[in-house]
2 protein chains.
Amino acid sequence: MTIGTGTVFHLRSPLASYHLGVKQDVHQLAAQRLRRISQRYTAGRRRIVEVLAAAGHPLTIPEIVGSDSDLATSSVYRNLVTLEHAGVATRIVTSQEHARFELSEPFNRHHHHLVCVDCGKVDDFILPKGVEESLDSALRRAAQKEGFAPTDHRLDLTGTCPDCQAAG
Amino acid sequence: MTIGTGTVFHLRSPLASYHLGVKQDVHQLAAQRLRRISQRYTAGRRRIVEVLAAAGHPLTIPEIVGSDSDLATSSVYRNLVTLEHAGVATRIVTSQEHARFELSEPFNRHHHHLVCVDCGKVDDFILPKGVEESLDSALRRAAQKEGFAPTDHRLDLTGTCPDCQAAG
DNA sequence: TCTGAAAATGAGTATGCTTATCAAAAGATG
DNA sequence: CATCTTTTGATAAGCATACTCATTTTCAGA
């Protein structure tokens with residue numbers, strides 16, 4: 001996967017947000033996307049991006065706020081709306097109490113989610129290329145049939161994570 | 001698609017919840033599922049099932065309450081939790097203000113959702129059998145790999161519905 | 001068909017996530 | 001450097017949803 005000047009994004013387990021050595025490119029791309037909608041890449045927004053990138057899986061807002069004592073809750077809520085609008089962050093809605101956020105697709109490899117119905121934790125997984133491709137084209141056909149203009153798709157697998165299975 | 005005594009469920013456009021002539025079977029199955037968790041199929045719960053079945057697409061709670069003047073908001077919230085737990089109704093969370101509900105799979109053919117990011121409306125669509133099958137097995141493999149015990153999957157296509165495209 | 005215990009209802013209230021407000025701080029513009 | 005705009009942060013407000021509890025309904029056993 002290549003972004004910008006040719007930086008390669010690597011995978012952790014199962015997915016990493018970005019290669020540790022290329023932080024700068026993440027911030028450059030984030031700044032660029034914000035500029036596109038006339039928004040600044042402020043210190044607070046940069047810190048949110050760092051936290052999301054370091055996590056490697058979707059975080060709730062309390063988790064984001066708790067991981068950096070300089071972040072004010074109200075600003076995090078507001079900035080995540082801005083980052084979402086800029087295409088830097090993506091909101092993940094589950095039936096849990098808190099929404100979760102992760103970096104958007106150019107920052108993050110295309111993936112899907114394992115949502116634990118017990119603890120609310122969300123992990124990432126990817127589909128084999130062939131399955132993803134046939135799914136994509138089927139979705140395009142379905143949308144076209146209904147006159148629907150698609151922008152994205154989300155695929156979640158709900159169930160119980162290993163920890164909660166062990167817990168009972 | 002066959003349920004219980006062999007009743008055939010038909011499709012409207014694009015999906016219907018049940019064939020109008022076989023309402024009784026829907027209620028019998030709902031009652032049976034509630035009984036399984038020691039819950040009664042009361043008049044209020046029956047009305048909710050009727051409203052959901054008649055709609056043919058996922059409804060918000062205000063929509064459900066508004067369509068039947070005998071339904072109290074607090075009871076609808078509480079009963080939808082019960083119906084969800086019994087496996088009669090399914091909750092659909094979008095980024096919109098209200099959650100939406102539809103009848104669960106034995107009542108409804110397996111399908112996915114077109115979620116309009118502008119107006120929040122949710123419509124149904126189905127995938128070709130082959131795509132659905134390869135997706136299913138890919139999901140099973142992915143879950144197994146992570147030690148995740150899957151119960152269900154959800155696939156949403158987000159974008160703009162025809163009405164909102166026309167509106168601008 | 002009674003009768004009483006258990007469950008469900010409904011109106012109001014409480015909870016808690018999220019968003020709006022607004023004065024102060026930071027940054028851009030010329 | 002001066003001014004105008006954007007962003008911030010603490011607080012308050014909004015709002016979907018869950019809880020409370022007295023009343024009503026349901027169902028099992030007599």
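Below, chain A is the first sequence line, B the second, and so on; all start at residue 1.
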Using whole Å, what does the distance between atom [atom2] of nucleotide [N] and atom [atom1] of [X] come to?
X: B/Ile61; N: D/dA18; atom1: CD1; atom2: P; value: 7 Å
X: A/Arg46; N: D/dT7; atom1: CZ; atom2: P; value: 16 Å
X: B/Asp70; N: D/dT24; atom1: CG; atom2: C1'; value: 15 Å
X: A/Arg45; N: C/dG27; atom1: CZ; atom2: P; value: 12 Å
X: A/Ile64; N: C/dT18; atom1: CD1; atom2: C1'; value: 14 Å
X: A/Ile37; N: D/dT6; atom1: CD1; atom2: P; value: 13 Å
X: A/Glu84; N: C/dT18; atom1: CD; atom2: C1'; value: 13 Å
X: B/Tyr41; N: C/dT9; atom1: OH; atom2: P; value: 12 Å

For this session: Looking only at side-chain atoms of A/Val81, point me to the closest of C/dT19, D/dG9, C/dG10.
Result: C/dT19
Exercise. C/dT21, D/dT6, C/dT19: which one has an atom nearest the side-chain heavy atoms of A/Arg40?
Worked result: D/dT6
OP1 or OP2 of [N] sitting under 4.0 Å from any side-chain N/O of [X]?
X: B/Tyr77; N: D/dA18; value: no
X: B/His98; N: D/dC15; value: no
X: B/Thr42; N: C/dA8; value: no
X: B/Gln39; N: C/dA7; value: no
X: A/Asn79; N: D/dT8; value: yes

For this session: Mind telling me whether A/His153 and A/His110 have parallel, tilted or perpendicular rings, with 30° and 60° as the class edges?
Result: perpendicular
Problem set entry | Pair A/Arg140, A/Ser137: side-chain N/O donor-acceptor within cut-off below 3.5 Å | no
For this session: Side-chain contact test, heavy atoms from C-beta onward, threshold under 4.5 Å: evaluate it for A/Asp124 versus A/Pro58 and give yes or no.
Result: yes
Exercise. Just checking A/Arg78: base, sugar-phosphate only, or nothing, at a heavy-atom cut-off of under 4.0 Å?
Worked result: base
Exercise. Quick one: do B/Lys121 and B/Asp123 make a salt bridge, cutoff under 4.0 Å?
Worked result: yes
Exercise. Do A/Val122 and A/Leu59 pass the side-chain contact (heavy atoms from CB on, under 4.5 Å) test, and can you show the C-alpha distance, the side-chain angles, and the key distance before you say yes or no?
Worked result: CA-CA 8 Å; A/Val122 178; A/Leu59 297 179; over 6 Å; no
Problem set entry | 5' priority, DNA chain D, between A/Arg47 and B/Ala99 [closest heavy atom] | A/Arg47
Problem set entry | First of B/Ala43 and B/Ser74 reached from the 5' end of DNA chain D, by closest nucleotide | B/Ser74
